[in-house]
Amino acid sequence: MKHKDGSADKYKDKHKEKKIKTLDGKVKKENGFASPPAVKSEPEDNFYHSPKNEKSLKRERDDDIDSDFKPKKVKIENDKKVKKRKPEEEVSPKKTKNKRAVADGKKKAKKEPEEKWKWWEEERYTDGSKWKFLEHKGPVFAPPYEPLPSQVKFFYDGKHMKLRPEAEEVATFFAKMLDHEYTSKDIFRKNFFKDWRKEMSAEEKTKLTDLKKCDFTEMSDYFKAQSEARKAMSKDAKLKIKEENERLLQLYGFCIMDNHRERIANFRIEPPGLFRGRGDHPKMGMLKRRIRPKDIIVNCSKDSKHPEPPPGTKWKEVRHDNKVTWLVSWTENIQGSIKYIMLNPSSRIKGEKDWQKYETARQLKKCVDRIRTQYREDWKSKEMRIRQRAVALYFIDKLALRAGNEKEEGETADTVGCCSLRVEHIKLYPENDGQEFVVEFDFLGKDSIRYYNKVPVEKRVRTGNQCFCFEDANFTSVLNKHLQELMDGLTAKVFRTYNASITLQQQLKQLTSAEENLPAKILSYNRANRAVAILCNHQRAPPKTFEKSMQNLQLRLTCIDTKRDQLSDAKRELKSSKADAKVRRDEKSKKTVETRKKAVERTEEQLMKLEVQATDREENKQIALGTSKLNYLDPRISVAWCKKWSIPVEKIYNKTQREKFAWAIDMAEDDFEF
DNA sequence: CACTTCACTTAGGAAATAGCTG
DNA sequence: CAGCTATTTCCTAAGTGAAGTG
C-alpha cells in the first residue's frame with residue numbers, strides 16, 4: 001500500500017454526512033453515497049447471478065447485433081431494417097453512392113440538411129480510417145482584448161495607475177473573479193500574481209510588488225454594470241445578437257464529413273483567462289494564454305477547401321490525418337495537454353463509438369459470471385500480484401469505481417481511483433454495525449468529488465486487502481492487460497458501463513408498475529436512474545436555492561390541497577344537483593355537472609403531479625442524473641421502457657438527448673434486452 | 001518495457017434560455 | 001409582461017486507455 005502524508009481530514013468537514021429523507025417520509029441516516037441494497041447486495045448469491053429472465057428473453061436479433069458489432073466493417077442489417085430502408089437506397093450500392101456523394105456532396109449537404117440520416121443503417125469503416133472527406137471553416141477565435149475606458153481605474157496602494165493593455169487584460173481576468181471564493185486562496189493568488197507579472201512592463205513590474213495592494217474594484221464594478229446593461233438591452237438588440245450567433249453557428253458550427261453536414265461540438269477556441277482547476281489544484285490562478293492561429297493545427301482532407309487563417313496570420317500546420325476524428329487542435333499552456341475541436345454527440349462518428357461502447361458492455365454481460373468466478377478464485381492465489389489484481393477488479397465491479405490511473409504529483413489535484421487508492425483512503429473493520437468484514441472507503445475521486453462508502457465484503461477480500469498494496473507501477477495497465485485477455489475489448493471502465501446499464505434495466509423492471517399513471521411512472525424511471533447515479537457517485541452541489549424552491553413547491557401543494565377540499569365540497573353539492581338534473585333532464589345542469597366533475601379530476605391530477613415532483617426533487621437534492629443518462633445508460637433500455645409503457649420518449653430525453661440517441665430511438669423495440 | 005504522448009470519453013458548474021406565474 | 005425559476009446548453013477540466021518512442 002502506498003503511503004502518503006496528510007490525512008483526509010482537510011475535506012472531511014466539508015462533506016458532512018447527510019440525512020436523507022426517503023419517499024415515505026422516514027428520515028434515514030445515510031452517508032448519501034452507499035448504494036441502496038436494491039442495487040447491489042451481498043451475499044454474493046444475488047450478486048453473481050445475472051437475472052434469470054435475461055437469457056430466456058433474449059432474442060435472436062439481439063444476438064445478431066452482438067456478434068456483428070465488432071470494430072469490423074459490418075453491415076448492420078436484418079429484415080426489420082431492410083424494410084425501413086428506402087427503396088432507392090437498397091438499389092444503389094453504398095459505395096458508389098458514397099463516392100458520388102463525396103464529389104458533389106458539399107452543395108447537396110448544404111442545401112438540404114438531409115432528412116435525418118440514419119448512419120446506423122450504413123456500413124462502417126474497417127481500415128481504421130475515421131472519414132474519407134472532411135471540410136470545415138476552422139475555429140472561431142476569442143475576440144481581441146478591448147482596453148477599458150479611461151474612467152475605469154486601477155489603484156495600487158491607493159494610487160491610480162494606468163496599465164498597459166497586456167497587463168490590464170490579465171488584471172481584468174482577476175477583477176471578473178473577485179466575488180469568487182478562490183481569489184482569496186493563497187495558491188490562486190500566488191499563481192496569478194506570478195503570471196500577471198510576466199505580462200507587465202519593467203516599470204509595472206517594479207511598481208507592482210504586492211497583490212494585496214491592488215484594488216480591482218472599479219474594474220469589477222464596471223463588468224457588473226456591463227452585464228446588467230446586457231440584460232437590460234432592448235428586445236431588438238438582443239435579437240440582433242442572437243442572429244449574429246446563429247450566423248456564426250451556421251458558418252463555423254458545422255463541417256462536412258464524408259457526404260454529410262455534421263454539427264461541431266466546440267467550434268470556439270477557449271478564451272484566455274485564469275485557470276481554475278477543481279478541488280485543491282496546485283495550478284489554480286495561472287494564466288491561460290490566448291490561442292493564436294500559429295498555435296493551431298488544422299486537420300481536414302486534402303481535397304477539401306482548407307480553412308483560411310485570419311488575414312495576416314498562418315496556421316501552425318495543416319494536416320490530413322483521417323485516422324483521427326478532430327478538426328482542430330492546439331496545446332494548452334497550463335498542463336501542456338492537447339485540446340481538440342471535435343464533432344457533436346449527434347454525429348455519426350460519436351454515435352458509432354457510443355453504440356459500440358454499449359455493445360462491449362453487453363459482451364461483458366455474457367461473460368461476467370465467468371470473470372467473477374475467476375477473480376474470486378484469484379483471491380486465493382499464492383502470487384501477491386494476482387491477489388491484488390483480483391481485489392481491485394472486485395471493487396471496480398462491485399462498486400463501479402474508476403480505474404484510477406496514476407497522475408503526476410503536484411501537477412493536479414490529489415485524487416484517486418481504484419488502482420491508485422492509498423492506505424489513508426481505506427479502513428478495515430473486522431466487525432462493524434453487526435456486520436462482519438466491512439471496508440470503509442473515503443477518498444476524493446474525479447473532479448475532487450468525495451467517495452464515501454462502507455461495504456461488507458467477503459472474508460477473502462479482506463485478507464487479500466491486508467496486502468492491498470498496489471505498489472506496482474502502472475497497476476491500471478497491468479489490470480487492463482489482464483482484462484483484455486478475459487474478453488476482447490474489456491477494460492476497467494466497461495464494468496462501470498455494464499453495471500450502470502444492467503442496474504437501470506433491473507430497477508426499471510422492479511419499480512415500474514402497470515397501474516401507475518404517467519407522472520408516477522416517470523418518477524419510477526427517475527428512481528431507477530437515481531440508483532445508477534448513486535452507484536456511480538454522480539453528485540452535485542445542492543442548488544443554491546434548493547430550500548426555497550422546495551418550500552415554494554410545498555406551498556403550491558397545500559394550495560392545491562385546499563382547492564381540492566373545496567372542490568370535493570362542491571362535488572357533494574353536485575351530487576344532489578345531479579339527481580336534480582336527472583329529473584329535470586335539463587341539458588344545462590347536466591353540463592355543469594360534467595364540467596365540475598372534470599374540474600375535480602383535474603385538480604386531483606395536478607395534486608398528484610406536484611406530489612410526485614416534490615418527491616423527485618427532494619430525492620435528487622445532491623444527485624446528478626445527467627451524467628449517467630448521457631454516458632453510462634444504454635439508451636435502448638430507456639427507449640424500450642418508453643415503448644413498453646407507451647410513454648413519449650420526450651418525457652425521458654430532451655431535444656439534445658434525442659439527437660444524441662437517435663440511433664437507439666430508431667432501432668430499439670419494446671422488448672430490447674440489454 | 002517504461003515512459004510519454006495522444007485521442008477521446010466523462011464530468012460538474014456556470015451561463016443562457018425557456019417557461020411559468022402573479 | 002416583468003421577474004423569477006427550471007431546464008438546457010456551454011464550457012472546459014479531468015479522467016481512461018492505446019499508441020508511440022527510445
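We name chains A, B, ... by the order of the sequence lines, and we start the count at 1 in each one. Heavy-atom basis, side chains included; hydrogens, waters and symmetry copies ignored.
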Side chain of Y632(A) - closest among dG17(C), dA11(B), dA7(B): dA11(B)

Specify whether F192(A) and F216(A) have parallel, tilted or perpendicular ring planes, treating 30° as the upper limit for parallel and 60° as the lower limit for perpendicular. perpendicular

Enter the distance from I637(A):CD1 to Y358(A):OH here, rounded to the nearest 0.5 Å. 8.5 Å

Between atom OH in Y451(A) and atom P in dG12(B), what is the gap in whole Å? 14 Å

Would one find a side-chain N or O of T415(A) under 4.0 angstrom from OP1 or OP2 of dG15(C)? yes

If the cut-off is 4.0 Å, is R496(A) near the phosphate of dA11(B), judged by side-chain N/O to OP1 or OP2? yes

Could you tell me how far apart Y340(A) (OH) and dA13(C) (P) are, to the nearest whole angstrom? 15 Å

Against the side chain of F275(A), the closest entry in dC8(B), dA11(B), dA13(C) is dA13(C)

Just call it for K407(A): base, sugar-phosphate, or nothing, with non-hydrogen atoms closer than 4.0 Å on any strand. sugar-phosphate

Could you check whether G626(A) gets within reach of a base, just the sugar-phosphate, or nothing at all, counting any heavy atom under 4.0 Å? nothing

Select one nucleotide: of dC10(C), dA11(B), dC8(B), the one nearest the side-chain heavy atoms of R263(A). dC10(C)

Scan P271(A) against the nucleic acid and name what it touches under 4.0 Å (heavy atoms): base, sugar-phosphate only, or nothing. sugar-phosphate

Taking the six-membered ring for Trp, is the centroid-to-centroid distance between Y452(A) and F441(A) below 6.0 Å? no

Sugar-phosphate only, base, or nothing, as touched by K130(A) at under 4.0 Å among non-hydrogen atoms: sugar-phosphate

Nearest to the side chain of H180(A) - dC8(B), dA6(C), dA14(B)? dA14(B)

Minimum-distance nucleotide (side-chain atoms of S549(A) versus dT12(C), dA6(C), dC8(B)): dA6(C)

Along DNA chain B (nearest heavy atom to each residue), the more 5'-positioned of N631(A) and R230(A): N631(A)

Starting at NE2 of H281(A) and ending at P of dG15(C), how long is that distance when rounded to a whole Å? 9 Å

Which nucleotide in dT10(B), dA7(B), dA14(C) has an atom nearest any side-chain atom of K493(A): dT10(B)

For dT12(C), does OP1 or OP2 lie under 4.0 Å from any side-chain N or O of R268(A)? no

So what does A492(A) hit on the nucleic acid, given a heavy-atom distance under 4.0 Å: a base, only sugar-phosphate, or nothing? sugar-phosphate

Classify the nucleic acid contact of T325(A) as base, sugar-phosphate or nothing, counting any heavy atom under 4.0 Å across all strands shown. sugar-phosphate

Separation of D280(A) atom CG from dA13(C) atom C1', in whole Å? 15 Å

Checking contacts here: which listed nucleotide (dT12(C), dG12(B), dA18(B)) is nearest the side-chain heavy atoms of D447(A)? dG12(B)

Examine dG17(C): is either OP1 or OP2 under 4.0 Å from a nitrogen or oxygen in the side chain of T491(A)? Give yes or no. yes

5'-most by nearest nucleotide on DNA chain C - I269(A) or N405(A): I269(A)

Separation of atom CG in N654(A) from atom C1' in dC10(C), rounded to whole Å: 14 Å

Nearest-nucleotide pick for Q335(A), side chain only, options being dA14(C), dA7(B), dA13(C): dA14(C)

Is R540(A) touching bases, backbone alone, or none of the nucleic acid, heavy atoms closer than 4.0 Å? sugar-phosphate

Need one value for K288(A): base, sugar-phosphate or nothing, where a base atom within 4.0 Å counts as base even if backbone is also close, heavy atoms only. sugar-phosphate

Below 4.0 angstrom from OP1 or OP2 of dG17(C), is there any side-chain N or O of K481(A)? no

Please state whether the phosphate of dC11(C), meaning OP1 or OP2, lies under 4.0 angstrom from any side-chain nitrogen or oxygen of K339(A). no

Report the distance from atom NZ of K446(A) to atom P of dA11(B), rounded to the nearest whole Å. 5 Å

Answer with base, sugar-phosphate or nothing: what part of the nucleic acid does G417(A) contact at a heavy-atom distance below 4.0 Å? nothing

Closest nucleotide among dG15(C), dT12(C), dC8(B) to the K350(A) side chain: dC8(B)

Look at the rings of Y182(A) and H180(A) and say which category their plane angle falls in: under 30° parallel, 30 to 60° tilted, over 60° perpendicular. parallel

Rounded distance [0.5 Å steps], OH in Y125(A) versus CD in E352(A): 9.0 Å

Nearest heavy atom decides the nucleotide; on that basis, is V494(A) or Q613(A) closer to the 5' end of DNA chain C? Q613(A)

Ignoring backbone atoms, test whether R402(A) places a side-chain nitrogen or oxygen under 4.0 Å from the OP1 or OP2 oxygen of dA11(B). yes

Centres of the F254(A) and F267(A) rings: under 6.0 Å? no

Going through the distances and angles, do H281(A) and F275(A) end up as a ring-ring contact (aromatic ring centres under 6.0 Å, His included)? CA-CA 10 Å; H281(A) 197 115; F275(A) 176 81; 4.9 Å; yes

Look at T476(A) and dT16(C) and indicate whether a side-chain polar atom (N or O) is within less than 4.0 Å of OP1 or OP2. no

Answer with base, sugar-phosphate or nothing: what part of the nucleic acid does A541(A) contact at a heavy-atom distance below 4.0 Å? sugar-phosphate

Report the residue (W326(A) or T627(A)) whose heavy-atom-nearest nucleotide on DNA chain B is the more 5′ of the two. W326(A)

Euclidean distance, atom NZ of residue K323(A) to atom P of dA18(C) [Å, nearest integer]: 19 Å

Once you measure the plane-to-plane angle for Y375(A) and Y394(A), does it fall in the parallel (<30°), tilted (30-60°) or perpendicular (>60°) bin? perpendicular

Euclidean distance, atom CD of residue E246(A) to atom P of dC10(C) [Å, nearest integer]: 11 Å

